[in-house]
Structure formats: structure tokens, C-alpha cells
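Heads up, the thing below is written out as C-alpha cells.
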Amino acid sequence: MPTLNLHIVLAVLVTAVVGGLIGLDRTAFGQFMVSQPIVACPLVGWMVGDSAAGFVIGAALELIWVLDMPVGTFVPANATISAISATAMAVLASPGKASLPVIGASVLLTTVLAPVTMKVDGLVRKWNSRLAERARADQRPDAGRRLARIHLFGLVAFFLKSFVLLLVFVPAGIWAVMLFQHLPENVHRAMALFVKLLPLLGVALVARKLSMKAVDLFFLGGFVFSAATAQAFRAPALVIILLTALAGLLGARYRAQRSS
Amino acid sequence: MRNDHHKEITAADLLGVLGRGLLIQASWSFEWMQSLGFAYAIEPVLRKLYPEQAEYASRLRLHTDYFNTQPYLASFILGAAVKIEQDRATGRNRTVDVQALKASLMAPLGALGDSFFWGSLKPFAAVVSAALLMTGSWWASFLFLALYNIWHIGLRAGVLFLGYRTGGDAVGLMARYRFTRWAGVLKAISHTVLGGIVGTLPLWRQEFRLTFDMPALLMAVSGMAFTLVLVAVLRKGGSPLKLMLGLAAACIGLAYAGVI
């Protein structure tokens with residue numbers, strides 16, 4: 001079992017700094033989607049020494065959180081902090097390669113912590129209201145430069161939010177995952193199955209949010225097409241996925257022609 | 001005739017607005033939302049158009065009023081506002097009320113942008129990339145960034161220049177980019193590939209592959225049945241958080257029941 005040595009302390013610090021920067025992409029800067037689990041997890045996994053664990057967590061979490069959207073004043077759970085901390089916890093708490101049960105436990109722990117990220121996100125946005133009021137009340141000359149300074153200070157607030165949360169979550173999570181490793185074998189098997197089922201939960205969540213219908217024809221068609229292609233031609237998965245996407249495009253065009 | 005040569009807006013000025021527009025949400029708050037961000041993005045143009053300090057400060061103050069829309073399509077409104085300010089500063093047209101234009105555009109463009117970018121493009125890029133990542137293509141994370149940002153960056157720049165050229169003609173924007181039509185196509189492809197993810201379940205990467213001893217087709221059908229059960233649960237109302245916790249509890253139950 002690894003102890004909290006200098007390597008882990010440094011890795012936690014680097015995760016918090018990089019996670020803070022990645023977190024800016026979520027709201028404050030650009031929104032290039034670097035903050036999505038499918039990108040952030042492999043990146044952090046690679047940084048702390050196990051990119052494979054990052055790919056697994058990123059693939060499992062991406063579909064679960066992708067349609068949890070910030071609309072109006074609604075602030076969704078911060079999937080970026082959850083995904084980054086799950087990756088760092090799983091890798092840093094494992095002596096070698098992160099095992100599937102450890103990955104499952106890390107994902108579950110960060111899921112439990114997700115409401116905390118929502119609360120803190122809300123607090124930062126409330127605090128930012130003061131920035132706007134200060135800028136609007138400022139009547140002194142050189143208002144533009146002053147407004148820019150106040151506005152950009154919001155970046156610091158957004159960075160510190162992710163930085164501090166990661167600095168708390170990751171070490172606490174490493175400790176919890178170390179304790180998890182002493183739990184009975186049944187719990188380990190359960191966590192391994194949990195990870196394997198997460199992608200299906202993600203598929204269900206996206207299917208539900210993309211369509212109001214109980215069963216969407218494109219969804220069923222994609223399933224039948226890909227399963228049949230895999231069985232009949234034994235084609236590589238990459239080819240099957242690309243052909244399925246093409247079938248979806250042709251289906252959309254056919255539907256458009258019929259309705260026009 | 002007045003010499004307003006220095007009040008010409010160049011492509012470089014607009015690119016400057018585009019660059020600053022990436023930070024439109026740097027100080028996002030519940031109360032003022034993107035108001036400071038809008039003023040920050042347009043500020044260099046105002047400084048160029050209004051050399052007289054009092055008028056510059058008054059116009060800048062005006063742009064700190066409440067503003068909120070989808071952050072990418074905010075570029076269109078920024079382009080239109082630059083045009084209106086230029087016409088006002090040069091005396092070409094002083095009758096158009098920039099605040100009224102912003103107020104009339106921000107809600108419809110917010111709804112349009114949320115639906116297209118968050119509700120269609122993002123899940124499309126995520127679903128296609130997750131499908132490839134699940135089946136072992138490690139480069140899917142890069143594909144996700146490419147699929148998303150080709151549209152994101154292209155449209156963000158395109159609508160800024162269109163907003164400037166048309167002075168905020170929303171009908172022209174809709175006719176040119178046909179967001180609703182593309183959203184339908186992207187959703188259809190996403191749905192089809194979602195079905196494809198389940199259909200290729202026997203080809204998933206090792207970490208996600210279920211170890212039950214059954215034929216590949218039966219495994220895919222079981223995966224689909226399980227997904228449809230989850231969709232039915234979601235239709236009765238359930239958040240990602242609750243479902244993840246429920247799934248973990250069910251896995252622990254199965255492990256202790258000796259099923260896995």
C-alpha cells in the first residue's frame with residue numbers, strides 16, 4: 001500500500017494546478033471542452049502515471065455527464081472536478097496500474113462529492129456578483145482598464161475553486177481508496193461490475209435526454225445495424241462505428257426528404 | 001466633411017473582440033451573468049471610436065448592463081454592437097438603440113445556442129468519440145476535441161463577422177447557418193451511434209467487457225435490454241447522481257447474493 005510520500009504530495013499539487021487550469025475551460029475561458037471527462041481524465045492519468053486508467057474513467061463518465069447542461073442560472077454538478085479527482089485518486093492510491101475495483105471506488109467516491117462541487121460553484125458565482133457591482137459603481141477615469149482588471153479577477157476565483165476542491169478531494173480520496181482496498185472481495189467484485197455497467201448508464205442517460213420517445217428508431221436501428229455487422233462481417237470495431245454513423249446520417253437525410 | 005478615418009473597424013479589431021469574447025464568462029455571476037464580459041470584449045473598439053473620455057466612459061457603462069446569452073453566439077451580438085457603435089460614432093446612424101438590439105437578441109440566441117451547441121453538437125462529438133474509445137481507439141479524445149472545435153471555433157468567428165456585416169440580422173443568421181436542421185442531423189447520428197455502442201458491446205475494450213459466458217449476440221441483446229430498463233427508470237425521473245449510487249448499490253447486492 002503506498003504511503004503519502006513526497007511523490008504523491010507533488011502529484012496532488014500538480015493535479016490541483018492543472019485541474020484548476022482545465023476547470024477554467026468549463027465556464028470562464030473559451031469552453032473548448034478540454035474540461036470534458038473524455039479529455040481531462042486521460043490527460044491527468046498520463047500526468048500522474050497511468051493514462052490507461054484515465055481512458056477508462058473518461059470513457060465511463062463522458063456520456064453520464066455530457067447532457068448535464070448549464071442553462072440559465074442552473075449550475076450542474078462539476079463533472080470536471082469529479083472526473084479529475086477520480087482519476088488522480090485511482091492512480092495515486094494504486095501501487096502499480098490502477099485496478100478496476102479501485103477505479104470503481106474512486107468514481108463512486110467522487111459521485112458522492114458531486115453536490116459539494118455544485119454548492120461551491122454556486123458560491124463563486126454569487127461572489128462574482130460583487131465584481132460586477134464594483135465595476136459598475138466605478139466612476140473614476142480609466143474605467144476600461146479598471147473594468148478589465150475586475151473582470152479578469154473572476155478567472156482567479158474560478159481557478160481557486162477547482163484548485164482548492166482538488167487539493168482537498170484528492171488526498172482525502174487517496175486515503176479512502178487505501179481503506180477500500182481492505183474491504184471484502186465481494187465489494188471489489190461489485191465495484192468492478194459497477195465500472196463495466198457505467199457506459200450503459202451513460203448510453204441510457206443520453207438516449208433519454210436526446211429524445212422524448214420511449215424507444216427511438218435511430219437508437220434501435222443503430223443497435224441492430226452494428227450488432228448485425230459485427231456478427232456477419234466480423235469487421236473491426238472502428239469500421240462498425242464509422243458505418244453506423246454513416247447509416248445515421250443517411251437515415252437523417254431520408255427523414256428530411258420525407259418530411260419536406 | 002468630418003474625418004472619421006480613425007474610426008474604421010478593421011478585421012484586426014474584430015479579431016480582438018473575438019479573442020476577448022473567449023473570456024465573456026470570466027466573471028459570470030447569477031445577478032449580472034455576462035454583463036462585465038460583454039463590456040470587456042467590446043471595450044477596445046469603444047476606446048477607438050470614442051476618443052472623448054466622457055462619451056467613452058458613458059458607452060462603456062451602458063454595456064455593463066445585464067446581458068446573458070449562449071457564450072458562442074454572443075459573438076454575433078458583439079459583432080452587431082460593434083457595427084451600431086461605429087455607425088453612431090461616425091454619425092452614419094445615431095437612431096439604433098444598441099441596448100434594445102442586445103435585449104431582443106440575447107434570449108432567442110441563448111435558446112438556439114443551448115439547443116445546438118450543448119444539446120446537439122456536444123453529445124454528437126461525445127457519443128462518436130466515446131464509441132471509439134470504448135472499443136480501444138485511444139485517439140478518440142483528440143477526435144472529440146477536433147469534431148467539437150471545428151464547428152465551435154468556425155461558427156464563433158463566422159457569426160461575429162456576420163453580426164458586424166448585417167448589424168444583427170438574426171433572420172440572416174438562421175438562413176445562413178441552419179442551426180435547427182443541423183441539430184436534427186447531429187441528434188439522429190448521435191442516437192444511431194448510441195445504439196451502435198450497445199451493439200458493439202462484445203467488442204468493448206478489455207476493462208469494460210462483461211465476463212459472463214454467453215454468445216456475442218446474446219450479450220449485445222442483454223446489454224440493450226438493460227439499457228432500456230435504465231431508460232424506463234429515467235423516464236420516471238432520476239438524476240445521474242441517484243442512478244450511479246443506485247447502480248453501485250445494486251452491484252454490491254449482486255456480489256453478496258453470489259450472482260457475480
Side-chain angles (χ1 to χ4, degrees), chain A residues 27-30 32-33 38-39 42 56 59 62-64 66-67 69 71 73 108 111 114 125 128-129 131-132 135-136 143-144 148 151 154-155 186 189-190 193-194 196 200-201 203-208 210 216 218-219 222-223 226-227 230-231 237-238 240-241 244-245 247-249 251-252, chain B residues 22-23 25-32 35-36 40 43 57 60 64 114 118 123 126 129-135 137 141 144 148-149 185 187-189 191-200 203 207-208 210 217 220 224 226-227 230-231 234 240-241 243-244 247-248 251-252 255-256 260:
Chain A
T27 305
F29 175 71
F32 295 102
M33 298 301 146
I38 201 167
V39 181
V56 171
E62 181 60 37
L63 295 180
I64 289 175
V66 70
L67 278 169
M69 300 183 282
V71 176
T73 55
L108 188 60
T111 305
R125 284 158 166 78
N128 277 350
S129 294
L131 291 180
R136 286 171 56 80
H151 175 61
L155 285 177
N186 274 341
R189 279 207 305 276
L193 180 64
F194 174 61
K196 287 171 190 274
L200 292 178
L201 174 61
V203 169
L205 277 160
V206 177
R208 169 73 187 104
L210 279 183
D216 187 272
F218 281 93
F219 180 52
F223 169 74
S226 61
Q231 283 295 308
L238 173 65
I240 297 171
I241 297 293
T244 309
L249 176 65
Chain B
L22 296 175
L23 287 155
Q25 299 200 126
S27 62
W28 197 96
S29 65
F30 286 126
E31 209 169 328
W32 296 98
S35 56
L36 276 195
Y40 171 77
E43 189 271 335
L60 184 64
T64 60
D114 285 348
W118 303 158
S129 309
L132 293 170
L133 196 55
M134 294 292 302
T135 49
S137 302
S141 300
F144 170 79
Y148 187 83
N149 285 307
V185 172
K187 277 183 181 172
I189 299 174
H191 254 130
T192 315
V193 177
L194 267 183
I197 293 179
V198 187
T200 53
L203 304 175
E207 295 89 340
F208 291 115
L210 294 166
L217 189 60
M224 189 56 159
F226 180 68
T227 308
L230 290 174
V231 172
L234 284 164
L241 271 177
L243 251 90
M244 283 171 83
L247 191 62
C251 290
I252 292 173
Y256 274 97
I260 54 168

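Keep in mind the model is a prediction, meaning the values are calculated, not measured. Proteins come first, then strands; the chains are lettered A, B, ... in the order of their sequence lines, and each starts at number 1. Only this structure's heavy atoms are used, side chains among them; waters, hydrogens and symmetry mates stay out.
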Under 4.5 Å from any heavy atom of chain A - which part of [X]:
| X | value |
| --- | --- |
| Glu207(B) | both |
| Phe226(B) | side chain |
| Phe30(B) | both |
| Phe144(B) | side chain |
| Leu194(B) | both |

For each of [options], tally heavy-atom pairs with chain B at distances under 4.5 Å, and name the one with the top tally.
| options | value |
| --- | --- |
| Ala59(A), Gly154(A), Gly251(A), Ser129(A) | Ser129(A) |
| Leu108(A), Leu131(A), Val66(A) | Val66(A) |
| Thr244(A), Leu200(A), Leu155(A) | Leu200(A) |
| Leu238(A), Ile240(A), Thr111(A) | Thr111(A) |

Answer with side chain, backbone, both or neither: which region of [X] has an atom nearer than 4.5 Å to a non-hydrogen atom of chain B?
| X | answer |
| --- | --- |
| Leu67(A) | side chain |
| Ala132(A) | both |
| Ile64(A) | both |

Distance in Å, [X] [atom1] paired with [Y] [atom2], rounded so as to fall on 0.5 Å steps:
| X | Y | atom1 | atom2 | value |
| --- | --- | --- | --- | --- |
| Leu234(B) | Leu205(A) | CG | CG | 5.0 Å |
| Ser129(B) | Ile38(A) | OG | CD1 | 5.0 Å |
| Thr227(B) | Phe219(A) | OG1 | CZ | 5.5 Å |
| Ser141(B) | Glu62(A) | OG | CD | 9.0 Å |
| Met33(A) | Tyr148(B) | CE | OH | 3.5 Å |

Interface residue of largest heavy-atom contact number with chain A, from Ala131(B), Ser137(B), Ser35(B), Ala248(B), under 4.5 Å: Ala248(B)
Would a distance-only check, ignoring hydrogens and angles, find a side-chain to backbone donor-acceptor pair under 3.5 Å from Asn149(B) to Phe32(A)?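 Present.
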Using the test salt bridge (Lys or Arg N to Asp or Glu O under 4.0 Å), find all partners of Arg208(A) that sit at least two apart in sequence or belong to another chain.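 For Arg208(A), no residue satisfies salt bridge (Lys or Arg N to Asp or Glu O under 4.0 Å) once neighbours in sequence are set aside.
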List in chain and number order the residues that pass side chain to side chain donor-acceptor pair (under 3.5 Å) with His191(B), two or more places apart in sequence or in another chain; answer none if no residue qualifies. none
Testing Leu247(B), Ile252(B), Ile260(B) one by one against Leu193(A) for a side chain to side chain contact (heavy atoms under 4.5 Å, CB included), which residue passes? Ile260(B)
